[in-house]
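Here's the structure, in structure tokens; my notes come after.
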Amino acid sequence: MAAPKRGRSASAQSKPGRSLAFILIAIVALTGGMFLAGSTTPRLGIDLAGGTSITLKAKADQGSAINKANMDTAVDIMNRRVNGLGVSEAEVQTQGNDHIIVNIPKGTNSKQAVQQVGTTAKLYFRPVLAQGPSGPAPSSPSPSASSSGKTSPSPSSSASSKSGEKASSSSTASPSSSTGTQGRAVTDALRADAKKSPTPSGSASSTPKTSPSPSASGGASADAAKLQAVYAALDCTKPDERAKVVQNTKPSDPIVACGEENKVWSKYILGPAAVDGTEVKKASAVFDTQGASGWQVQMTFTGTGSKKFADITGQLAQKQGAQTEFGIVLDGDVVSSPTVHESITGGQAEISGSFTQSEAQSLANVLSYGALPLSFQKETITTVTAALGGDQLHAGLLAGAIGLALVVIYLVAYYRGLSLVAMASLATSAALTYVLMSLLGPAIGFALNLPAVCGAIVAIGITADSFIVYFERIRDEIREGRTLRPAVERAWPRARRTILVSDFVSFLASAVLYIVTVGKVQGFAFTLGLTTVLDVVVVFLFTKPLMTLLARRKFFADGHKWSGLDPKSLGAKPPLRRTRRPAGPSAGPVDPKEA
């Protein structure tokens, strides 16, 4: 039984170079990827590098009260919107009873984050009653087509069904050149909507929910004339007019809205909402590799939403001109207006057009995370300087350097030659940590903040502890009288179990801390967990193989007094080595000193 065991031990000792080569190749590959990605330094958090700070004030104008539950829900949604994949370290927290502070670190797309963070994300699908190019208000109070007769420069989009076939690929049509015809079309559409949604009373109303009585028809005509007047006077190139025209609108009201594509604005008269954005179950940005539509947003509807979408597309397919289109309205802006030729069933649809990747992902992100329970007004948007954070970073790095220096001094004084192994392992762990932090910045949005720096400093002690456990196991074997090479192999199984249990407890604590906390504390937990995993990798693939190689060197194998493995200094028990007795009758006892 002894011979096979020694054979396995010899085989294990003969191939330590493979592990060392593997980890060195991994470091070189990761470093190359870091330079190719152009991210040679870790991305710093807002407390170290500065960034954007946004103050939002809640407004109870959506039928929801400003209370702790709604504020917490808003914080959670904003946090998911801004942080996206994980650890971008954006801070979203309440201040007082009706304010939310959002801190976005430098390096994040702050402009896109500012646009997303406070938006209510109200999405509606509305039938188009009239549509045309926007510009300065004409002298006539009703819409008219351009003299050139060109089609509108509004967003040219298409809707598709579950099968992926295009429902439309044509540009949206401009309003009819006949003012009277267009006005009658709008009036007829409003009357139809009024008949679909009768109010409990029979009196006339300014909304399309009036009952189908003669007075209701007259009210619908008045509403149509009013909408046409607003439509004709609207200049979508002016932000204040765009904001004013969508104020205090309801899903059940016909509205006037604007849409932009390629910096060209179009204006619309839209009927009451046929489908609510809350009935969109899922939205994702995908690239159409088989067609020419480029980036698009794919939506999956709920059961009721699928039925409503099929009904409205079936109704629009029976109409003509611009009224075969439906407007996809997000927070009062028309993001797309596809033409419908047939009812789209199956519960899936696409929004396609001239989206860039960023625009498609931004729209899908907002739709996926849903609407805020409250609306918010941006009170202040300020830039945060990193002067104070730079001083704190300097102090933290100085503290880390002092701590590392003390650890090295202790290792040299106590372990002597073995301290070279510990310092080489610490350097390997530091290199892996730095490269991974640099790569995780653009990959998952990881930002190095002050608590993360503290986590890296704490990791020095955790890593050094693993080396100490292994070194002490080796010294225990030497104290029992074994030579270095078998001591290195016999000490490893026991040290390995201790190291794994210790690192598992540390990783478990960091994982729980990361899950149950928010903000900067997550940076500490993430860094601590990452360095704990790297500690296991370094000990298994670097420290142990390196000790196996050094055990073959005379300086360590013979127990030089500066090697840290001197049997005499360790108080080894005799006999230190097993020597062969001379053959024959002249063989005598072996002197322990001779051994």
Legend entry - side chain to side chain contact (heavy atoms under 4.5 Å, CB included) involving Val286 - partner list, sequence neighbours excluded: Ser284, Gln296, Gln298

Legend entry - Non-hydrogen atoms of Phe301 and Ser306 that approach each other most closely: CB-N, 3.6 Å

Inset, instruction - Answer yes or no: is there a donor N or O on one side and an acceptor on the other, between the side chain of Arg126 and the main chain of Gly327, under 3.5 Å? - result: no

Inset, instruction - Ignoring hydrogens and angles, tell me if any N or O in the side chain of Ser266 forms a donor-acceptor pair with the backbone of Gly259 under 3.5 Å. - result: no

Legend entry - Candidate list Gln93, Gln95, Met71, Lys57, test side-chain contact (heavy atoms from CB on, under 4.5 Å), partner Ile100, passing option: Met71

Inset, instruction - Using side-chain contact (heavy atoms from CB on, under 4.5 Å) as the criterion, point out the one residue from Val334, Leu129, Leu234 that pairs with Tyr268. - result: Val334

Inset, instruction - Let me see the working for Thr356 and Trp295 under side-chain contact (heavy atoms from CB on, under 4.5 Å), right down to the final yes or no. - result: CA-CA 6 Å; Thr356 64; Trp295 283 97; 5.9 Å; no

Legend entry - Donor-acceptor contact below 3.5 Å, side chain Asp276 vs main chain Glu279: no

Legend entry - Distance (rounded to the nearest 0.5 Å) between Asp253 CG and Leu227 CG: 9.0 Å

Legend entry - Over all atoms of both residues, closest heavy-atom pair of Ser510 and Gly529: OG-CA, 3.4 Å

Inset, instruction - Please confirm whether the backbone N or O of Gly132 pairs with a side-chain atom of Tyr231, one donor and one acceptor, at under 3.5 Å? - result: yes

Inset, instruction - For Thr527 and Gly523, indicate whether the former's side chain and the latter's backbone hold a donor-acceptor pair under 3.5 Å. - result: yes

Inset, instruction - Test Cys236 against every option in Lys267, Glu241, Glu260 by the side-chain contact (heavy atoms from CB on, under 4.5 Å) rule and name the one that passes. - result: Lys267

Legend entry - Minimal non-hydrogen separation, Val297 against Ala360, with atom names: CG2-O, 3.6 Å

Inset, instruction - Supply the atom-to-atom distance His99 NE2 to Thr55 OG1, rounded to the nearest 0.5 angstrom. - result: 7.0 Å

Legend entry - From CE (Met34) to OG1 (Thr41), nearest 0.5 Å: 9.0 Å

Inset, instruction - Might you point out which heavy atoms bring Pro127 and Pro272 nearest each other, and give the distance in Å? - result: CD-O, 3.3 Å

Legend entry - Centroid-centroid under 6.0 Å between Phe309 and Phe326 rings: yes

Inset, instruction - Can you measure from OG1 (Thr300) to CD (Gln348) and round to the nearest 0.5 angstrom? - result: 4.0 Å

Inset, instruction - Nearest 0.5 Å please: distance from the CG atom of Asp333 over to the CD1 atom of Ile328. - result: 13.5 Å

Legend entry - N/O donor-acceptor pair under 3.5 Å between Asp235 side chain and Thr237 backbone: yes

Legend entry - Atom pair CZ (Phe125) and OG1 (Thr313), whose distance is rounded to the nearest 0.5 Å: 10.5 Å

Inset, instruction - For Gln228 and Ile269, run side-chain contact (heavy atoms from CB on, under 4.5 Å): C-alpha distance rounded to whole Å, both residues' side-chain angles, the deciding distance at 0.1 Å, then the answer. - result: CA-CA 8 Å; Gln228 290 182 46; Ile269 298 179; 4.2 Å; yes

Legend entry - Whether over 12 other heavy atoms sit under 6.0 Å from Phe287 CZ: yes

Legend entry - Residues Arg43, Met437; criterion side-chain contact (heavy atoms from CB on, under 4.5 Å); working and verdict: CA-CA 8 Å; Arg43 191 165 66 87; Met437 284 183 175; over 6 Å; no

Inset, instruction - Quick one: closest heavy-atom pair of Tyr124 and Pro251, and the distance? - result: OH-CG, 3.3 Å

Legend entry - Non-hydrogen side-chain atoms of Leu448 and Val453 separated by less than 4.5 Å: yes

Inset, instruction - Go through Ile66 and Asn97 one step at a time and tell me if the side-chain contact (heavy atoms from CB on, under 4.5 Å) criterion holds. - result: CA-CA 8 Å; Ile66 300 177; Asn97 296 325; 5.7 Å; no

